[in-house]
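Reminder, nothing fancy here: chain letters follow the sequence lines and each chain counts from 1. What you are looking at is a predicted structure, and each value in this text was computed from that prediction instead of being measured.
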2 protein chains.
Amino acid sequence: MSAPAPSKLAYVPFVSVANMMRLINRTGLSKMLTGIAAYIEEDFRRWELFDKAPRVASHSDVGVIELMPTSDGQVYGFKYVNGHPKNTAEGLQTVTAFGLLANVQTGYPVLLSEMTLLTALRTAATSALVAKYLAPEGADTMALIGNGAQSEFQATAFRAICGITKLRLYDIDPAATQKVLRNLSDQGFELTACSSAQEAIEGAQIITTCTADKQYATILTDNMVGAGVHINAIGGDCPGKTELHKDILSRADVFVEYPPQTRIEGEIQQMPADFPVTEMWEVITGKAKGRRDARQITLFDGVGFATEDFSALRYLRDQLESTGLYDALDMIADPDDPRDLFGMVRRAGIEGA
Amino acid sequence: MSAPAPSKLAYVPFVSVANMMRLINRTGLSKMLTGIAAYIEEDFRRWELFDKAPRVASHSDVGVIELMPTSDGQVYGFKYVNGHPKNTAEGLQTVTAFGLLANVQTGYPVLLSEMTLLTALRTAATSALVAKYLAPEGADTMALIGNGAQSEFQATAFRAICGITKLRLYDIDPAATQKVLRNLSDQGFELTACSSAQEAIEGAQIITTCTADKQYATILTDNMVGAGVHINAIGGDCPGKTELHKDILSRADVFVEYPPQTRIEGEIQQMPADFPVTEMWEVITGKAKGRRDARQITLFDGVGFATEDFSALRYLRDQLESTGLYDALDMIADPDDPRDLFGMVRRAGIEGA
């Protein structure tokens, strides 16, 4: 059965999970995280160009499915992502995702990609990029509280971008910590498994919280947090899901991606609507101050924003030509005569397609 | 290079353009339009179950890119669709689209499909379904004004669902009309090419307008439209794009899919915000009256709604098993241990993936 070959425009480059894994392994995770962070930083610098909106969420009793669109005027992108905390217990991913870039001038898609892995990378790259601006000077130790799917990516990004070499690990499930110890044993970290969050944060200049339960949890209380630390709080990322006691928020300077979204989804959903925050794009462009002094507690209330996915997809698209790590997906009908869809279908039938 | 095989859940059934054309040709266009119309009708009957929202649009100076999500509580669906009227002049499609269904319980995608063709089918199926409820009894003649990509699908749907056998064709570009004459010459219609819209509507009980220019055009003026006709106005479907003089709207009873979206995009964008309309789901469920008498002018101000795409995707999914017309797309990362994305990537590298 031979169909008439569609034109080149009919094909959308598609990066499968297998090709994403090849890309990560061939590029090297550290180098890829650093590369994605550079694209994210570049897009934060041109923040004002972007169409921005909180995600479009469809909630159910067990999870959420979201669409996260944005555009810089030339390129349009969106990500599909779900969040189902109960999935883990069923042997499924909590978060799966895929994303797309399209040409604003024509509306034609130009890239479709798996984004379960790419989201893990962009989340870690964003955290480490933010910490580059906010963490205390000379930080070499990070507490990693919550040792799920995101933790090794966070560790690797913080080593590559912020010079973190010592990790203090804690999870309510010791098997999760064992998994991180195994995965990172040959990665040149000094690794310490801890039996409590309190123990994990001892001596850490950076505290990363990335737990996954959908509930108002209190991973850190105010008395645990000493002066001068940077807190990278990325587990609280949807309504009803937070990790930090609100007294910490009151004591820290809070930095966010896009306030309208973070006020709905982030740690600051616990605070009044006018709770003061600083936008990261302002810090990165120099419009606002990041860390002021060595005693200040900085807190990144990270929820993940559409522009970061857009940046990661831009990075990915720029790797396609040199790596060839994609398939051509026959996703766009492209008849010779654009007014003749019907004729295209009929001819395909006659030609035995 | 052999990668470890992903689990079954990692694969999303994907219907390419080639497979969609095979499905249409093997099923037969009339049968497929009738089948899709039945799914659309079924979903209109359970209208109140659906999460409904106007589309999420990203406008540029040359077009629009939209996401159209919806959910019935069990299944989530969305469509990506662009509208770029200037594309035709560049040899591109005005509208390209693809869509997805996902399982609300897990958030995992269960179907990805091209929707440029499927949108053409669902648009025609919706128009004909609506006309089944609104057109005057015994209608056998339809004026088809605007002979672009949608016209043959409209003609075929109206024959299959409403018994239309006579078509009166008009387009400002005679080449478009010639294309329809060619495509439908062996389809059992009585075809008449007309030299004006006025001529086309003579003797027609149903008037379909599906022109594509993004402007406030006036395809029909009030004096042209006689008593008793059904107008199927589907070309006015975005802000700034209408086809009918507003005097016609005042004289007709106007039926719509989802008023909040139609007031933005449809013919009634010309009318006050409280202009009375009837929702089609109410007509279909018997809550509201459709055609009252033989002299009434009924007007379907169709813009295309997310539930119709959802219905079309549900129809498509139900054909997959029996036809096998899909590919398995490696789009979802599915590690053995859902907390171990990092380990999955590393193992793929070691195993030479």
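Using a 4.5 Å cut-off on side-chain heavy atoms (C-beta onward), B:Asn25 and A:Ile350 make no contact. Contact annotation: the side chain of B:Phe342 never approaches that of A:Val180 to less than 4.5 Å [non-hydrogen atoms, C-beta and beyond].
Of the listed residues (B:Val81, B:Thr96, B:Ile65, B:Thr116), the one with the most heavy-atom contacts under 4.5 Å to chain A is B:Ile65. Taking A:Val95, A:Ile24, A:Leu29, A:Leu67 one by one and counting their heavy-atom pairs under 4.5 Å with chain B, the maximum is reached by A:Leu67. In terms of non-hydrogen atom pairs under 4.5 Å with chain A, the most contact-rich of B:Glu152, B:Arg182, B:Glu114 is B:Glu152.
The number of heavy-atom neighbours closer than 6.0 Å to CZ of A:Phe189, taken from other residues, nucleotides and ligands shown, is above 12. Within a 6.0 Å radius of CG in A:Asp336, other residues, nucleotides and ligands contribute 12 heavy atoms or fewer.
For A:Thr88, the parts sitting under 4.5 Å from any heavy atom of chain B are the backbone and the side chain alike. For A:Val345, the parts sitting under 4.5 Å from any heavy atom of chain B are the backbone and the side chain alike. Both the backbone and the side chain of B:Ala176 have a heavy atom closer than 4.5 Å to some heavy atom of chain A. Of the atoms belonging to B:Asn183, heavy atoms from both backbone and side chain fall under 4.5 Å from chain A.
No donor-acceptor pair closer than 3.5 Å links the side chain of A:Asp330 to the backbone N or O of B:Ser16. A distance-only check finds no donor-acceptor pair linking the side chain of B:Asp334 to the backbone of A:Leu92 [under 3.5 Å]. The backbone N or O of A:Asp340 sits nowhere less than 3.5 Å from a side-chain atom of B:Lys179 that would complete a donor-acceptor pair.
Pairing each heavy atom of A:Val17 with each of B:Ala333, the nearest pair is CG2-N, 3.4 Å.
For residues 69-78 of chain A, a heavy-atom distance under 4.5 Å to chain B picks out A:Pro69, A:Ser71, A:Tyr76, A:Phe78, given by residue number.
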Open item on the list: Let's go through B:His59 and A:Asp51 carefully: what are the C-alpha distance in whole Å and the side-chain angles of both, what is the deciding distance for side-chain contact (heavy atoms from CB on, under 4.5 Å) to 0.1 Å, and is it a yes or a no?
Closed with: CA-CA 10 Å; B:His59 292 278; A:Asp51 260 359; over 6 Å; no
Task: salt bridge (Lys or Arg N to Asp or Glu O under 4.0 Å) evaluation trace for B:Arg346 with A:Asp186 - done: CA-CA 12 Å; B:Arg346 288 203 73 195; A:Asp186 60 352; 2.9 Å; yes
Open item on the list: Assess the residue pair B:Asn147 and A:Arg339 against the criterion (side-chain contact (heavy atoms from CB on, under 4.5 Å)); give the C-alpha distance rounded to whole Å, side-chain angles, the decisive distance to 0.1 Å, and a yes or no.
Closed with: CA-CA 8 Å; B:Asn147 298 156; A:Arg339 290 182 306 195; over 6 Å; no
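Rounded to the nearest 0.5 angstrom, B:Asn82 CG and A:Ile332 CD1 are separated by 8.0 Å.
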Residues 97-111 of chain A side chain polar contacts: donor-acceptor under 3.5 Å, at least two apart:
| unit_1 | atom_1 | unit_2 | atom_2 | d |
| --- | --- | --- | --- | --- |
| A:Asn103 | OD1 | A:Gln105 | N | 2.8 |
| A:Thr106 | OG1 | A:Tyr108 | N | 3.1 |
| A:Tyr108 | OH | B:Gln93 | N | 2.7 |

